[in-house]
There are 2 protein chains.
Amino acid sequence: MPHDGKRVKGSADERAQARDRLRAELLAAARALAEEKGGYEGVTIRALADRVGYRAPVVYEYFANKRDLLLALIEAGFAECADALAKALCAHEQRRAGGVLPAVAEAYWSFSLSQPHLYRLMHSLSDVPFGAPATPAPAQECFVLLRNAVTEAAPRHPATAYDADAATDLFWAHLHGLVMLTLDGRIKGGPTRAHGLLGHLTDTFTGNGARSGPR
Amino acid sequence: MPHDGKRVKGSADERAQARDRLRAELLAAARALAEEKGGYEGVTIRALADRVGYRAPVVYEYFANKRDLLLALIEAGFAECADALAKALCAHEQRRAGGVLPAVAEAYWSFSLSQPHLYRLMHSLSDVPFGAPATPAPAQECFVLLRNAVTEAAPRHPATAYDADAATDLFWAHLHGLVMLTLDGRIKGGPTRAHGLLGHLTDTFTGNGARSGPR
DNA sequence: CCCCATTTCCTAACGCTGTTAGATACAGAA
DNA sequence: TTCTGTATCTAACAGCGTTAGGAAATGGGG
C-alpha cells in the first residue's frame, strides 16, 4: 500500500498512530518481500522502502538498523509459533483424541512448513540469546508450551523421569532437526515422507514402542 | 603464506602444480579467516586474496564465484565428517566397548563442535541438493555411515524394523537438531549440558530404556 | 638468441548493499 | 504571519561480489 508520496500529519496522537501503522506496514512488507524473493536474503532496505512508497532512509526512523528489523520479525515469528502450539494443546484438552505430543508436533510442523523463510530466519541470527534473561519472551513461551506437552505425555521417557527440561530439549532438538533437514531438502522423499516420520518421532517420546504398522 | 608479489612460473608441470597449491591455500585461508572473524559471513573475496598475498580478481582464476568456493569447503567438510564417522565405526569394531551408536554420535558431536563455523556453512547453503544424484559424494558417504551404525545398533527401534532409511533420517535429524540448537546457544546449560543429552539421545534409538542414572 | 604468444596479475570500474549527513519543505503552534 | 519541529528527500560513503582491459613477465618455437 504505497503512500503516493503524501505526507501524513495531524495532532500528536494521529502522528504517533501513523507511526505505529507504518512500522507494522514495514514488517508486513518484509514478510511479503521474503515470500516473493524466496528468502530473507532478498529483503533489502531499499526494496522494503520502495514497497511502502518511501525511500531507504525512512526505514531508519522506525528501526535502528536492519538487524533490529529482523529481530522484530523473529519475535513475531516465535509469538505465532507459541500461538499455534497453545491452540494445539488447548484443542487436545477439549476432545481427547490421540496423544498430546503428536498434536503439538503436528502444530510445530505445520507452522514451520507453512512459513519456511520465517522459520529459517528465526534460527539464523545465531547471536540471539536463548536460555538467558534477554531471550525474547515469545521464545521462552514456546519452550514452556513444549515442556508442558512433553511432561504431560511422556512420563516414561528415560530423560523425563528426573529432568523435564532435558526431555524437552531433546524433543525440541528432534523436531527442529527434522524440520531443518526437510526445509533444506535433505530428506530423500521430500516433505511428504518427512511428515510421515513425525509419527515415529513422537512415538520415541511417548514410549509407544511399535505402534504404527508398516506402510 | 603471502607470495611477496613474486610471480610463480616454470615449465607446464610446475605451473599446474603451483595452481593446485594456491587453490588449496585459498581454501585454507578461507577456513582460517572464518575462524578469526567468527563465521563465514566475515570471509570476503578481498580479505581472502589479501591473506594469500594477491588482489581480489585472482580468486576468480581458481573459483568461478564465491558460491563455488564455499561449495568446495562444504564438500571438504562432509569428507572430514565422513572420516570421523568411519574412524568411530572402525574403532568400535576393534574393541567392543559401549554401543556403536554412542560412539558414532560422539564422533558426529565432536566434529561439529570442534568446527562450528564449518558445520554451519555445510547446512546453510539451502540449495545444495541432497538425496539427489547431484548430492556431493562425501555427504552421501556420511549418510551411509550413519545408516550402518543405526541398522547395526538399533534393530529394536520402531522405525528400523521395516525402513532403515527412516530410522537413519530420524537419528540424523535428532543429532543435527541438538548440534544446531547448541551452536546457536539455545540449550540452557550450554555445550556441556547438551553433550550430556547425547546419551539419552542414543538411548532412544538403541531401545535402552532407563540406563544412565540420574544426574 | 630473440621474439612472440601466453599466462599472471593488477587497476579501475559497475551495480549492489547497509547506513549517515545535510538540505528542504511542509504542518501545527504561537 | 512567523517560528519550530519533523517528515522526507537527495547525495554520499564504504564495503561487497564481479568483470573488463591493460601491463609485465615468462617459456617455448624459430
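Order of the sequence lines fixes the chain letters, A, B, ..., with proteins taken first and strands second; residue numbering starts at 1 for each chain. Heavy-atom basis, side chains included; hydrogens, waters and symmetry copies ignored.
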Worksheet item: Taking the six-membered ring for Trp, are F78(A) and H123(A) parallel (under 30°), tilted (30 to 60°) or perpendicular (over 60°)?
Response: perpendicular
Worksheet item: Has T44(A) got a side-chain N or O lying under 4.0 Å from the OP1 or OP2 atom of dC16(C)?
Response: no
Item to complete: Tell me which nucleotide among dA7(D), dC9(D), dT18(D) gets nearest to the side chain of R19(A).
Response: dA7(D)
Worksheet item: L26(A) CG to dG18(C) P: how many Å, rounded?
Response: 13 Å
Worksheet entry | Protein-nucleotide distance (N65(B), atom CG; dC16(D), atom C1'), rounded to Å | 14 Å
Worksheet entry | Per K66(B) side chain, nearest of listed nucleotides dT8(D), dT20(C), dG17(D) | dG17(D)
Worksheet item: Where the side chain of Y62(A) is defined as all heavy atoms beyond and including C-beta, which of dT19(C), dT8(D), dG17(D) is the nearest nucleotide?
Response: dT8(D)
Worksheet item: Atom OH of Y60(B) and atom P of dT8(C): how far apart are they, to the nearest Å?
Response: 19 Å
Worksheet entry | Upstream residue (5' side of DNA chain C) when A47(A) and A64(A) are each assigned their closest nucleotide | A47(A)
Item to complete: Would you mind reading off the distance between E41(A) atom CD and dG18(C) atom P, rounded to a whole angstrom?
Response: 12 Å
Fill in: Y40(A) OH to dT17(C) C1', straight-line distance once rounded to whole Å
19 Å
Worksheet item: When the ring planes of F205(A) and F171(A) are compared, do they come out parallel, tilted or perpendicular, using 30° and 60° as the limits?
Response: perpendicular
Item to complete: Could you tell me whether V59(B) contacts a base, only the sugar-phosphate backbone, or nothing, with contacts defined as non-hydrogen atoms closer than 4.0 Å?
Response: nothing
Fill in: Non-hydrogen atoms of G77(A) and L118(A) that approach each other most closely
CA-CD2, 3.8 Å
Discussion item. Is the positively charged end of R120(B) above the ring of Y40(B), judged by distance under 6.0 angstrom from the centroid and angle within 45° of the axis?
Written reply: no
Discussion item. As a test of reading the structure: which of dT17(C), dA12(C), dC9(C) is closest to the side chain of P57(B), going by heavy atoms?
Written reply: dA12(C)
Worksheet item: Closer to the 5' end of DNA chain D via nearest nucleotide, is it R55(A) or R46(A)?
Response: R55(A)
Worksheet entry | Length of the CG-C1' vector between D50(B) and dG15(D), whole Å | 13 Å
Discussion item. Check the orientation of Y119(B) and F111(B). Use parallel for under 30°, tilted for 30 to 60°, and perpendicular for over 60°.
Written reply: perpendicular
Worksheet item: Could you give the CD1-to-P distance, from I45(B) to dA13(C), as a whole number of Å?
Response: 21 Å
Worksheet item: When the distance from CD of E61(B) to P of dT19(D) is rounded to whole Å, what number comes out?
Response: 12 Å
